[in-house]
Amino acid sequence: EFEFNMPQKGITEFGIAQVKLPPVLENSEIKVVRYNLPFGLDAAPDTVDDKPQVVVTKDGKGGEKVGDILRQTTVWRGTTPALFDVSKNAANFDSVIGALVSNDLTVTDEIVMVFERPL
């Protein structure tokens, strides 16, 4: 269980996201990464414990590491942010890409991604 400030646009604040996220891995920790837009992420579809996941393939400037599982990302529906469950949608990689690219400069200045890191 953790929380973080949702991205804002200009002076509009959207509050704090309170998240309960059951782990995919037996021994892991959660890492919340924020990027100013535009951002880059090196990740690809993979299988973890026989389940589709999106896994980091190259260490990133925001602190994500190779092997981290992308669990959630902010997604924008019009001018309203929400959380997109990447793990539940990992089998449809196009939907994951759609959620990531919805974080664009027309609606926000930053993206928040939640990773699960194996220990």
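Heavy-atom minimum distance, D49 versus V24: OD2-O, 4.0 Å. Minimum interatomic distance between E64 and K61 (heavy atoms only, all atoms of both residues): OE2-N, 4.4 Å. Residues P118 and G67 come closest through the heavy atom pair CD-O, 3.8 Å.
Residue pairs meeting the side-chain hydrogen bond (donor to acceptor under 3.5 Å, both in side chains) criterion with at least one member in residues 68-77, sequence neighbours excluded, are D68-R117, R71-S87, R71-E116, T74-N103, W76-N103.
Applying the under-4.5 Å side-chain rule to Ile, Leu, Val, Met, Phe, Trp and Tyr, the cluster around Y35 extends to V33, L37, F39, L41, V54, V56, L70, V75, F84, V86, F93, V96, I97, L100, V101, L105, I111, M113, F115.
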message: The test is side chain to side chain contact (heavy atoms under 4.5 Å, CB included); show your working for M6 and I16 and say whether it passes.
response: CA-CA 6 Å; M6 289 294 282; I16 295 174; over 6 Å; no

task: Under the side chain to side chain contact (heavy atoms under 4.5 Å, CB included) rule, what do F4 and R34 come out as? Steps first, then yes or no, please.
output: CA-CA 10 Å; F4 60 87; R34 299 181 94 87; 4.2 Å; yes

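Using a 4.5 Å heavy-atom threshold, the side chains of P7 and V112 count as touching.
Using a 4.5 Å cut-off between side-chain heavy atoms of Ile, Leu, Val, Met, Phe, Trp and Tyr, with links allowed through other members, I69 and I30 fall into different hydrophobic clusters.
A donor-acceptor contact shorter than 3.5 Å is absent between the side chain of T47 and the backbone of P52. At distances below 3.5 Å, not a single donor-acceptor pair connects side-chain atoms of N89 with backbone N or O atoms of N92.
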